[in-house]
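Only one structure is covered here, and it is reproduced in the block below.
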Protein chains: 2
Amino acid sequence: MADSSTSSTATSSHELDAPPWQRVESTLMSAASVIRQEYDKRFAELDLNLSQAMMLAYVAEFGAESQTRIADRLGVGRAAAGNIVDNLERRKLVERQPDPDDRRVWLVNVTAAGKELSDKVIEIDIVFRADLRKGISRAERQQLASLLLRIQENLN
Amino acid sequence: MADSSTSSTATSSHELDAPPWQRVESTLMSAASVIRQEYDKRFAELDLNLSQAMMLAYVAEFGAESQTRIADRLGVGRAAAGNIVDNLERRKLVERQPDPDDRRVWLVNVTAAGKELSDKVIEIDIVFRADLRKGISRAERQQLASLLLRIQENLN
DNA sequence: CGAAACATGTATGTCGCTATACAGTCTTTA
DNA sequence: TAAAGACTGTATAGCGACATACATGTTTCG
């Protein structure tokens, strides 16, 4: 579906005559959307979407942290983070433990089953990123990241 | 909110030790999200979100086209496009006209008020893109677009 | 100590999009 | 011409995210 707009953005190399929805900004958002969709698609075999997979991998790596901290790290709101934890907890992939030092807080930790699934998440991620980077050199990736960060910094 | 994850992605220049949610792909999606939010924010003064603004500008430029074609051009589904048209039509910014050649089709056209608002949309877009590009050369933008397209093409 | 200010996690409502199914309308083809 | 198929726009349900409001618990400081 997005491919039609995708191919039309190919004309944005000369920008003067390109309408707003065919410019670099649109290409950027379109690329992000395609990547997110493909992530979701590949994680579907694990019955996870991208948010759940990221949460699981994060918790598996960093262990018992509060939901608020996880939410900040993952760039979602606290409510969304709570929902994702609810879902993963229902499937026994993570578990909530009370924080001994602060009774408001739940510390989220990975279970054995969650750790196992997390390994598969990381594996899929590695394969996907390799696919994504085909034909793109390390230097180009670094410049891409640098440009993206500079664009973001222009918004503060 | 996304800024915390944003600043953490700044460490992704050396990728080997960076966890999955801090890599270039995340930087890309994060940048897209920030751009979308800022677009919404700037169009809010016109009581439009990004989708509505894009639709309005598109219709103002290309005139009477079917909803399906507009949906394809804008990269959304037909149902979503219909909803956006509903909204803009309620506010008398666009109007639906029957296609004389095909009774299934509504041709969407801009009204005088819509054309006027569309000019403001374009103006805001120009200012925003100038802000976004501060300190980024034309050559860099072209390379950015090229890299993004190559990444997208790797997914087909 | 005690009260105000703050932090955490949850519930609720809203928003925008997708996917699906549908009725109405062409278009193709036998 | 008739039947099969394809296309258009819409209704509906579902998902995932956000903002807001709230109850609960904690910290600060007079």
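Convention: sequence-line order gives letters A, B, ...; per-chain numbering from 1.
Judged as a side chain to side chain contact (heavy atoms under 4.5 Å, CB included), and not counting sequence neighbours, the contacts of A:Lys120 are A:Leu46, A:Leu117. In this structure B:Arg96 satisfies the side chain to side chain contact (heavy atoms under 4.5 Å, CB included) test together with B:Gln67, B:Val85, B:Asp86, B:Glu89, B:Trp106, sequence neighbours excluded.
Electrostatic pairing of A:Lys115 and A:Asp119 counts as a salt bridge here, judged by a charged N lying under 4.0 Å from a carboxylate O. Look at A:Arg133 and B:Glu25 and you find a salt bridge, because one of the NZ, NE, NH1 or NH2 atoms lies within 4.0 Å of a carboxylate O, short of that distance.
Panel note: side chain B:Asp99, backbone B:Val105; no donor-acceptor pair is recorded below 3.5 Å.
Taking atom CD on B:Gln52 and atom P on C:dG16, their separation rounds to 6 Å, with Å as the unit. In this structure, A:Asp40 atom CG and C:dT18 atom C1' are separated by 12 Å, rounded to whole Å. Going from atom CD1 of B:Ile84 over to atom C1' of C:dC15 covers 12 Å, rounded to whole Å. The interatomic distance linking B:Asp72 (CG) with D:dC7 (C1') rounds to 12 Å, in whole Å. Whole-Å rounding puts the A:Leu88 CG to D:dG16 P distance at 11 Å. Separating the CD atom of B:Glu89 from the P atom of D:dT10 is a distance of 9 Å, rounded to the nearest angstrom. Atom pair B:Phe43:CZ and C:dG16:C1' shows a separation of 17 Å (rounding to whole Å applied). Rounded to whole Å, atom C1' of D:dA17 lies 11 Å from atom CG of A:Asn49.
Side chains of A:Asp125 and A:Tyr39: a donor on one and an acceptor on the other come within 3.5 Å.
Place A:Asp101 and A:Gly77 on DNA chain D by their nearest nucleotides, and A:Gly77 ends up nearer the 5' end.
Between A:Arg103 and the phosphate of D:dT26, there is a side-chain N or O to OP1/OP2 separation shorter than 4.0 Å.
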inquiry  = I need a per-nucleotide contact map over nucleotides 7-13 of chain C, read 5' to 3'. Cutoff is protein heavy atoms under 4.0 Å; write B for the base, S for backbone only, - otherwise.
reply    = BBBBB--
